[in-house]
Q: 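What follows is a structure written as structure tokens; I'll ask about it next.
Please read these numbers as outputs of a predicted model, since none were measured by experiment.
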Amino acid sequence: MNHNWKPRELNPDETGTAANAAALVEYLRGIDLAALLTAEKALVMRGFGVAPGELDDVLDALLPDRLAYVHGNSPRTKVGRNVYTSTEYPAALAISMHNEMSYASRWPTRLAFYCETAPGSGGATPVIDGELWLESVGPEIREAFAGGVRYQQNLHGGYGLGKSWQQTFETEDRGEVEAFLADSAATWEWRSDGGLHVEQLRPAFVRHPVTGAEVWFNQADQWHPAGLGDATARALTQIMPPEDLPQSATFADGSPIPDEYVTTIRDLGLEKAVDVDWHVGDLLLIDNVLVGHGRRPFDGPRRVLVAMSGTDEA
């Protein structure tokens with residue numbers, strides 16, 4: 001394992017192309033992008049001056065068959081053809097490391113981020129090698145999570161704390177939701193207030209389908225109240241028990257995950273990550289199994305868009 005890993009940068013000098021979006025698209029279509037991404041784990045494309053109006057063409061080259069963000073738990077706004085704002089979370093707070101939708105039975109294999117507006121300061125997207133993260137948490141935590149993670153969601157029907165089931169599944173049709181959940185090996189229950197309770201048992205680690213590398217691959221720390229910070233966790237648990245929160249996580253058998261495990265996982269992820277700083281027009285492409293990502297706090301405006309493609313499952 002390379003403990004000094006960082007994303008590979010592609011720029012016009014390295015690619016031997018003009019510094020524009022059309023040249024980047026031509027370059028990407030002329031290489032084995034899948035093999036390059038698997039080998040490098042993450043790619044930063046910088047210096048091509050990609051404008052918002054050119055983004056679709058670049059994303060078509062990076063992400064075959066862009067996916068809708070169905071069953072996603074992060075607050076986002078859809079701004080284009082399966083293009084979304086990155087997680088809409090207060091600027092002063094960090095977003096801890098995670099692999100997108102690792103709590104679900106299927107997840108995107110690739111993510112592409114695009115910087116439309118660079119932050120005034122801060123706001124980097126940290127990325128972490130999943131093998132390093134798995135190694136870093138130590139044998140005690142790895143053993144405790146060997147059975148997997150049980151995720152629970154309480155999605156309201158239009159009014160309440162957190163996301164609604166309509167937002168989460170991008171539909172008003174209960175039948176569509178039930179078909180999706182049945183195909184996901186989830187259990188669910190419609191509540192009398194119009195809300196929806198969902199549970200899924202998922203592995204805590206997975207192996208990459210090409211390299212065979214085993215990686216830390218779960219969002220237990222993000223779904224656990226302790227992952228929100230001491231003050232927020234105390235406030236939430238005073239309002240309602242963990243099982244009634246919009247989302248929560250336990251060990252596979254339903255037993256609680258200790259707070260100290262959660263903070264260790266969260267803090268090690270952020271500590272071991274490599275920051276990708278943003279300039280207008282930059283793109284970042286990551287293998288969503290090999291690499292986790294997050295967000296550093298920032299000041300000033302920041303608009304980073306995200307799209308995803310491919311699906312895989314454990």
Q: Heavy atoms only: give me the nearest F298-P119 pair and the separation to one decimal.
A: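 Scanning both residues completely, I find the closest heavy atoms to be CB-CB, 4.0 Å.
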Q: Is there a continuous path of hydrophobic side-chain contacts, each under 4.5 Å between heavy atoms, that joins F169 to W190?
A: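 Yes, one cluster joins them.
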Q: Could you walk me through whether W5 and E131 pass the side-chain contact (heavy atoms from CB on, under 4.5 Å) test, one step at a time?
A: CA-CA 11 Å; W5 171 83; E131 287 184 278; over 6 Å; no
Q: Kindly work out whether a path of hydrophobic side-chain contacts (I/L/V/M/F/W/Y, heavy atoms less than 4.5 Å apart) joins L201 to V198.
A: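 Hydrophobic grouping puts L201 apart from V198.
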Q: Is D253 salt-bridged to R150, going by a charged N under 4.0 Å from an acidic O?
A: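 A salt bridge is absent here (no side-chain N lies under 4.0 Å from a carboxylate O).
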Q: Check whether the side chains of T171 and D173 place a donor and an acceptor atom closer than 3.5 Å, and report yes or no.
A: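 Not at all, the side chains of T171 and D173 share no donor-acceptor pair under 3.5 Å.
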Q: Quick one: does T15's side chain get under 4.5 Å of E26's, heavy atoms only?
A: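 The answer is no; the side chains never approach within 4.5 Å.
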Q: Indicate, with yes or no, if M45 and I31 share a hydrophobic cluster defined by side-chain heavy-atom contacts under 4.5 Å among Ile, Leu, Val, Met, Phe, Trp and Tyr.
A: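 I31 and M45: one cluster.
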Q: How close do V127 and V276 get, counting heavy atoms only, and between which atoms?
A: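 Here V127 and V276 meet closest at CG2-CG2, 4.2 Å.
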Q: Return the CG to CG distance between L24 and N11, rounded to the nearest 0.5 Å.
A: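 With rounding to 0.5 Å, CG (L24) is 11.0 Å from CG (N11).
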Q: Given 3.5 Å as the limit, does a donor-acceptor pair link the side chain of S184 with the main chain of A186, or not?
A: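 Flag not set: sc S184 to bb A186 has no pair under 3.5 Å.
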Q: May I ask you to test the S102-W107 pair for a side-chain heavy-atom distance under 4.5 Å?
A: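 Counting from C-beta outward, S102 and W107 never come under 4.5 Å.
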Q: In terms of side-chain geometry, is the basic nitrogen of D60 or R81 positioned less than 4.0 Å from the acidic oxygen of its partner?
A: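 Salt bridge flag = yes for R81 with D60.
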Q: Identify the two heavy atoms, one from L67 and one from N82, that lie closest to each other, and give their separation to 0.1 Å.
A: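 Scanning both residues, the minimum pair turns out to be O-CB, 3.3 Å.
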Q: Checking the side chain of Q200 only, and the main-chain atoms of A185 only, is there a donor and an acceptor separated by less than 3.5 Å?
A: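 No: the side chain of Q200 does not pair with the backbone of A185.
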Q: Could you list the residues that satisfy salt bridge (Lys or Arg N to Asp or Glu O under 4.0 Å) with R295, not counting sequence neighbours?
A: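 Per chain and number, R295 pairs via salt bridge (Lys or Arg N to Asp or Glu O under 4.0 Å) with no residue.
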Q: Would you please classify the geometry between the W223 ring and the Y103 ring as parallel, tilted or perpendicular, with 30° and 60° separating the classes?
A: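 Geometry flag for W223 against Y103: tilted rings.
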Q: Is there side-chain contact between L111 and M308, with at least one heavy-atom pair below 4.5 Å?
A: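 Counting from C-beta outward, L111 and M308 do come under 4.5 Å.
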Q: Output yes when D282 and R46 qualify as a salt bridge under the 4.0 Å nitrogen-oxygen rule, no when they do not.
A: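 Salt bridge: yes.
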Q: Please determine whether side-chain contact (heavy atoms from CB on, under 4.5 Å) holds for the pair L43 and L62, giving the CA-CA distance in whole Å, both sets of side-chain angles, and the decisive distance to 0.1 Å.
A: CA-CA 11 Å; L43 302 169; L62 293 174; over 6 Å; no
Q: Taking K272 first and then E135, would you say they form a salt bridge - that is, a charged N and a carboxylate O separated by under 4.0 Å?
A: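 Judged by the 4.0 Å cut-off on N to carboxylate O distance, K272 and E135 do not form a salt bridge.
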Q: Give me the ring orientation class for H98 and H293: parallel if the planes are under 30° apart, tilted from 30 to 60°, perpendicular past 60°.
A: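 Rings of H98 and H293: tilted, as their planes differ by 30° to 60°.
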Q: Could you measure the distance from the CG atom of L196 to the CD atom of Q166? Nearest 0.5 Å is fine.
A: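 Between L196 CG and Q166 CD, I get 9.5 Å after rounding to 0.5 Å.
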Q: With a 6.0 Å cut-off (strictly less than), is the heavy-atom count around CD of E140, excluding the residue itself, greater than 12?
A: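 Not more than 12 within 6.0 Å, no.
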Q: Y261 and V137: side-chain contact (heavy atoms from CB on, under 4.5 Å), yes or no, with the steps?
A: CA-CA 9 Å; Y261 283 6; V137 300; over 6 Å; no
Q: Does the side chain of F48 come within less than 4.5 Å of T17's, by heavy atoms?
A: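 Yes, close enough: below the 4.5 Å cut-off.
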Q: I'd like to check M97 versus W216 (side-chain heavy atoms, cut-off strictly below 4.5 Å). Are they in contact?
A: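 Sidechains of W216 and M97: no contact.
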Q: Does the S86 side chain pair with the main chain of V304, one donor and one acceptor, at a distance under 3.5 Å?
A: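 Yes; judged by distance alone, with no hydrogens or angles, the pair exists.
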Q: Parallel, tilted or perpendicular, judged at 30° and 60°: which one describes the rings of F145 and F251?
A: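 The rings of F145 and F251 stand perpendicular, inter-plane angle above 60°.
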Q: How far apart are the closest heavy atoms of G294 and T125, and which atoms are they?
A: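 So the minimum-distance heavy-atom pair works out to O-CG2, 3.6 Å.
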Q: How long is the gap from OG on S121 to CG on D277, to the nearest 0.5 Å?
A: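 It comes to 11.0 Å.
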Q: Give the intermediate values and the outcome of side-chain contact (heavy atoms from CB on, under 4.5 Å) for residues E54 and N20.
A: CA-CA 10 Å; E54 301 167 312; N20 58 58; 5.8 Å; no
Q: Does a donor on one side chain sit under 3.5 Å from an acceptor on the other, for Q153 and W165?
A: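 The answer is no; no qualifying pair exists.
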Q: Side-chain contact, heavy-atom cut-off 4.5 Å: D221 with T264?
A: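 Side chain of D221 against side chain of T264, heavy atoms only: no contact under 4.5 Å found.
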Q: Is it the case that over 12 heavy atoms from other parts of the model lie below 6.0 angstrom from the CD atom of E143?
A: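 No, not enclosed.
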Q: Would a hydrophobic clustering, with Ile, Leu, Val, Met, Phe, Trp and Tyr connected at side-chain separations under 4.5 Å, put V210 with F205?
A: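 Different clusters: V210 never reaches F205 through Ile, Leu, Val, Met, Phe, Trp or Tyr contacts under 4.5 Å.
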Q: Considering non-hydrogen atoms only, spot the tightest contact between H224 and A249 and give its length.
A: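 Smallest interatomic distance, heavy atoms only, reads CD2-O, 3.9 Å.
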Q: Which pair of heavy atoms, one from Y84 and one from E170, lies closest together, and at what distance?
A: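 The pair with the smallest heavy-atom distance is OH-OE2, 3.0 Å.
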Q: Could you check if a side-chain atom of H156 sits within less than 4.5 angstrom of a side-chain atom of L161, using non-hydrogen atoms only?
A: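 Answer no - side chains too far apart.
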Q: Nearest 0.5 angstrom please: D129 CG to N4 CG, how far?
A: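 Going from the CG atom of D129 to the CG atom of N4 covers 11.0 Å.
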Q: Hey, what do you get for OG1 (T109) to CD (E100), rounding to the nearest 0.5 Å?
A: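 That separation rounds to 12.5 Å.
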Q: Do the non-hydrogen side-chain atoms of E40 and V291 ever get within less than 4.5 Å of each other?
A: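 Not touching, per the 4.5 Å side-chain cut-off.
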Q: If you measure from CG on L10 to CG on L36, what distance do you get to the nearest 0.5 Å?
A: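 The distance works out to 6.5 Å.
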